[in-house]
Amino acid sequence: MSNIIDIKDLSYVYLPGTPYEQQALKDINMVLNQGELLGLFGGNGSGKSTLAKLLNGLLYPSRGKVRVCGIDTSIKELRNELWKKVGLVFQYPEQQIFEANIYDEVAYGPRNLGLKEAEVKSRVYQALEKVGLLPETLVNLSPVKLSGGVRRRIAIAGVLALEPEILILDEPMAGLDPLGQELMLDIIKKRQEMGTQSTIIISHNLKDIIALADKIAILEKGSLLFYGEVAELLENIDILSRFHLELPDYLQVVYALKARGKRTNRDISNLDEAGLELIQIISSQKGN
Amino acid sequence: MNDIKLGQYVHGYSLIHLLDPRTKIICCTFIVISILSNHNFWYLLAYLGLILAAIKYSGIPYKSIWRSMRGIRYLLLITFLFQAVLTPGEGLIQLGALSVTREGLSIGLINLLRLVILFLGSILLLMTTTPMKLSAGLEYLLLPLNKIKIPVQHFTTIISISFRFIPTLVEESIIIKDAQRSRGASFDSPKIFSNIKSYLAILIPLLASSMLRAEELAEAMDSRCYGGNPNQYRMQSLKYRRVDIYLIIFMTMVLFMGLFLG
């Protein structure tokens, strides 16, 4: 597997040389393989969104190097083409909808790619299907009339229609009802199952996506505090407690059992595995 | 967040920051009157020096002021060129059918100076006064208009709300711009039409969210019993100090000097 993202000694400063100068990122190093899902965590103002913009070419490093899909973002001409490969879904993307009907809204990106209208159409329909909407009934509606959750899915479809190699979602769950959150997880899951596309999810809630992520990065005040596999993070009680990272219930059960001296498998990252593990523990208990 | 927004308040403790907002507003009005009623080059130059000294004193770096001046550079350039070319008088340089005249150059230079002074004066006021203080000062100074049935406090509420929301709108427009750029919108394409379309993609969502925000704000104000009465508490927080009075006396002198010189 090749490195789709390669970040070396990255620093970023906002408004250098003014009274509002602010160091947003400090000496970040990380590598992401193709097809992996990265969960990016951190509190407000920790630099998550800045990092996303650096990966998409909207910003370029003050110091250090960022290579995305083999493209060095410090070169302006290349950076301006990066949107074709890295799809960035901002926080509350439903606020960016501007076209009069849903078809045109989703087609905005593909048309900017310069695709033929037939190809645009198939991309729009596929993208809407990917976010769990029925294209035939929707395309002529005005986005204004729909609920916030549906509008967000349309906005995400607008980025998926670009068929990006890397998809970055900034707080995709924020402000959604439980059903909406589940649908969002489904969209991400389906994308991961394709295997070749990478996804980065920015969130301040670990619980949301720990079951999906391959790698976790934790930012604090612009520094990378932790970067590694999910299993490594779960072992690292220090960081978990320091950030008040609340684990999903099933993991809490597993870890509580571990704390009581039960032998547990360290590679549990979803509910099914946890269930199997519990069954094993209980049956071994009975054996005694 | 690529740049400081034009006239955004910069926190500080300089003498200029601590002046009463009313003093600053009165001084700015004096500046406007004396600049517009006077066309003596040396007087204007001295005025420019005065304002530059005040900026220095306020602790705002010249660099950020210079940067915000770039926003009006075309206005300045066009004003100067039009004056230089369109004023009749003794020709200096002939450019085809147009001639740059001596009178034109001097009027152009004076108007350039006037614009720069006005710009610097207002930007100094905005950068050293919080929106709250500014609207309290305005409300106090305009209060006599209440006598002729002009609802001053509504005006000042509107003004302070717009001041309050300028940075929010700018920030939001930057986010939306980034979002549309991520979908391939180009803002510096050689094709004008596609640029216009890209800007529409910012303006429409911005307008929609502003309407929504205005509605929510109105409801929030209603639910906290906003009645449009003068904000006594805010106005009582204003205090003249000795330095305010000295400054106003000084600026009045400068104003009269200008009126006589003019």
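Side-chain atoms are counted along with the backbone in the values below, which use heavy atoms only and exclude waters and symmetry mates. First the proteins, then the strands, lettered A, B, ... as listed; each starts at 1.
Although no hydrogens or angles enter the test, the distance criterion places a donor-acceptor pair under 3.5 Å between the side chain of B:R73 and the main chain of B:R70. Between the side chain of A:S46 and the backbone N or O of A:G222 there is no donor-acceptor pair closer than 3.5 Å.
The side chain to side chain contact (heavy atoms under 4.5 Å, CB included) test applied to A:S203 returns A:F41, A:E171, A:N205, A:D208, not counting sequence neighbours.
The existence of a salt bridge linking A:K48 and A:D170 is excluded, since no basic side-chain nitrogen approaches an acidic carboxylate oxygen closer than 4.0 Å.
Note on B:G59, B:G184, B:A185: by heavy-atom pairs under 4.5 Å with chain A, the leading option is B:G184. Among B:S186, B:S182, B:S209, the residue making the largest number of heavy-atom pairs under 4.5 Å with chain A is B:S182. Here B:Q180 is the residue among B:E172, B:H11, B:K63, B:Q180 with the most heavy-atom pairs under 4.5 Å with chain A.
With a 4.5 angstrom heavy-atom cutoff, B:A208 does not touch chain A via any of its atoms. If you measure heavy-atom distances from B:S198 to chain A, the contacts under 4.5 Å come from both the backbone and the side chain.
Residues from residues 92-118 of chain A that place a non-hydrogen atom less than 4.5 Å from a non-hydrogen atom of chain B comprise A:Q95, A:Q96, A:I97, A:F98, A:E99, A:E105, A:Y108, A:G109, A:N112, given in numerical order.
Checking each of A:R79, A:K84, A:K85 against A:E81 for a salt bridge (Lys or Arg N to Asp or Glu O under 4.0 Å) leaves exactly one that passes, namely A:K84.
Here the side chains of A:D27 and A:S223 are not in contact, with every heavy-atom distance at 4.5 Å or above.
When all heavy atoms of B:R213 and B:L169 are compared, the closest pair comes out as NH1-CD2, 4.2 Å.
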### Message
The test is side-chain contact (heavy atoms from CB on, under 4.5 Å); show your working for A:Y12 and A:I28 and say whether it passes.
### Response
CA-CA 10 Å; A:Y12 188 80; A:I28 308 280; over 6 Å; no

